[in-house]
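Take a look at the structure set out below.
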Amino acid sequence: MTGQISSTITYEYPLHERVRTYLRLEHLLAALQPEVPVDSGNYTRYFSALFAILDLCERSDVRTDVQKDLDKRRAQLQIWSQHPDVNQQQLALTSERVRRALQAIQPISRVGSALKQDRLLGPIRQRFAMPGGTCNFDLPQLHFWLHQAQEMRDADCLRWWQELSVLLSGLVLELELLRGQSRFRALTAEAGMLQESTEPLSLLRLQVDKDIPAYPVMSGHKQRFSIRFLRYEPVDGRASYEQDVQLALALCP
């Protein structure tokens, strides 16, 4: 078996609360899809993702966390530049990406603060958590906005996106570098179980053959983790998958 399995499902599990927030924001960014025009058919998905991003950024100081992590990356890249076998061209490109991301993030004070004052977003956000709260009699201003020219809606969405894009671009870069630190290695979860103690980690990445009728449940903290496979459909009332599972695992510090 080689380092990666073909036709796999990739699972990830954060071992640090900061990385947990990063992954959630990345997931929401995929749902937001800022390049897709917002209309009456997809506005609920768009605003749900937008408001969830704002909520996460308000609960934790994501801007400071991303800046600190990218600062560490910059220092790490400087150390690697002294290694004789490193690809200096690739290293220079990565270092420049990190430098630009840090330069863009530093002037930011409070992420999304302008969006809280937006005449349209404020009322929508208050009603969005209510069942059916976006009905046209609850939010006539949203109903009006959805019937305007697509160009006007695109301009508004671009303005809202610009409030978040610098931070989220830096976050995506940090996750790219975090994942790139570790290669997948082949392992066997005997009887569907795997436990390891390790050096401090931030993220587990797991690849499993998609044809295995089970999914992994991961738990742990930064120096110890466990993986247990459960059947999607229990057999004889038992959910545990007790056969050996060939997998590929990457441990990202």
Side-chain angles (χ1 to χ4, degrees), residues 10-36 46-81 90-118 121 125 157-183 198-206 218 220-223 225 250-253:
T10 299
Y11 299 88
E12 294 185 325
Y13 187 80
L15 295 168
H16 194 287
E17 188 60 33
R18 182 187 74 256
V19 179
R20 188 183 304 272
T21 299
Y22 289 177
L23 292 177
R24 285 175 174 157
L25 285 168
E26 182 187 48
H27 170 74
L28 290 167
L29 177 58
L32 184 65
Q33 295 180 318
E35 72 283 357
V36 177
Y46 173 84
F47 285 117
S48 291
L50 178 63
F51 297 147
I53 288 172
L54 291 176
D55 287 344
L56 278 174
C57 289
E58 288 171 2
R59 289 180 205 166
S60 58
D61 192 354
V62 179
R63 174 208 168 277
T64 299
D65 288 340
V66 172
Q67 183 176 353
K68 287 180 179 178
D69 283 338
L70 289 176
D71 263 326
K72 292 178 184 176
R73 299 292 175 200
R74 179 169 60 180
Q76 188 178 54
L77 291 168
Q78 289 175 347
I79 293 173
W80 287 352
S81 68
Q90 185 61 45
L91 184 69
L93 290 172
T94 304
S95 297
E96 178 60 18
R97 291 177 65 196
V98 171
R99 186 195 68 78
R100 290 199 304 266
L102 278 168
Q103 187 178 44
I105 287 174
Q106 285 169 352
I108 298 175
S109 54
R110 294 181 62 84
V111 177
S113 56
L115 301 185
K116 298 179 186 178
Q117 311 302 322
D118 189 272
L121 294 182
R125 191 178 182 186
C157 291
L158 177 61
R159 175 166 52 83
W160 300 332
W161 169 243
Q162 288 172 342
E163 287 290 317
L164 303 171
S165 61
V166 169
L167 173 67
L168 294 179
S169 295
L171 181 147
V172 169
L173 175 59
E174 166 58 22
L175 284 176
E176 176 188 332
L177 296 175
L178 174 62
R179 291 173 174 129
Q181 286 189 106
S182 181
R183 295 182 178 181
T198 70
E199 297 298 319
L201 299 174
S202 296
L203 178 67
L204 301 178
R205 305 190 70 213
L206 183 66
M218 294 178 270
H221 55 79
K222 63 182 180 179
Q223 289 185 282
F225 65 88
L251 307 178
C252 304

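Heads up: numbering here begins at 1 and tracks the sequence. Side chains included, hydrogens not; waters and symmetry mates left out as well; all remaining heavy atoms used.
When all heavy atoms are compared, the tightest approach of G170 to L70 is O-CD1, 4.1 Å. Heavy atoms only, all atoms of each residue included: L167 and C57 are closest at CD2-SG, 4.0 Å.
Interatomic distance, F225 CZ to L15 CG, rounded to the nearest 0.5 Å: 8.0 Å. Note that the CG atom of L29 and the OG atom of S165 stand 10.0 Å from one another [nearest 0.5 Å]. From F51, atom CZ reaches atom CG of L28 across 13.0 Å, with rounding to the nearest 0.5 Å. L178 CG to L173 CG: the interatomic distance, rounded to the nearest 0.5 Å, is 11.0 Å. Note: L204 CG to L251 CG = 6.5 Å, rounded to the nearest 0.5 Å. Here CD1 of I53 is found 9.5 Å from CG of L171. Values are rounded to the nearest 0.5 Å.
R73 contributes no side-chain N or O that, together with a main-chain N or O of K68, makes up a donor-acceptor pair within less than 3.5 Å. Without hydrogens or angle criteria, S81 side chain to Q78 main chain gives a donor-acceptor distance under 3.5 Å.
Within the 4.5 Å cutoff, the side chain of I79 has no heavy atoms near those of the Q76 side chain. Contact of the Q33 side chain with the E35 side chain is registered, since non-hydrogen atoms from C-beta on lie closer than 4.5 Å. In this structure, C252 and S182 have side chains that are in contact, with non-hydrogen atoms separated by less than 4.5 Å. Residues V36 and Y46 fail the side-chain proximity criterion, which asks for heavy atoms closer than 4.5 Å. Residues R18 and E174 are not in side-chain contact: their nearest non-hydrogen atoms beyond the backbone lie 4.5 Å or more apart. Side-chain contact between L203 and Y13 is absent, with no heavy atoms from C-beta onward closer than 4.5 Å. The shortest side-chain heavy-atom distance between L121 and L54 does not fall under the 4.5 Å cut-off.
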Exercise for review: Check step by step if side chain to side chain contact (heavy atoms under 4.5 Å, CB included) holds for L50 and L164.
Suggested key: CA-CA 9 Å; L50 178 63; L164 303 171; 3.6 Å; yes
**Study point:** Steps toward side chain to side chain contact (heavy atoms under 4.5 Å, CB included) verdict (E58, D55)
**Key:** CA-CA 5 Å; E58 288 171 2; D55 287 344; 4.2 Å; yes
Exercise for review: Could you give me the CA-CA distance, side-chain angles and deciding distance for E163 and R159, then say whether salt bridge (charged side-chain N to carboxylate O under 4.0 Å, His left out) is met?
Suggested key: CA-CA 7 Å; E163 287 290 317; R159 175 166 52 83; over 6 Å; no
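Sparse packing is recorded around CD of E199, with 12 or fewer heavy atoms of other residues, nucleotides or ligands lying under 6.0 Å away. For R110, the CZ atom is loosely surrounded, since the number of other residues' heavy atoms within 6.0 Å does not exceed 12. Counting non-hydrogen atoms of neighbouring residues, nucleotides and ligands closer than 6.0 angstrom, the CZ atom of R183 reaches no more than 12 such neighbours.
Of the options L102, V62, I108, D61, a side-chain contact (heavy atoms from CB on, under 4.5 Å) to Q67 is made by L102 and by none of the others. Tested against Y22, the residues L56, V172, V66 include a single side-chain contact (heavy atoms from CB on, under 4.5 Å) partner, V66.
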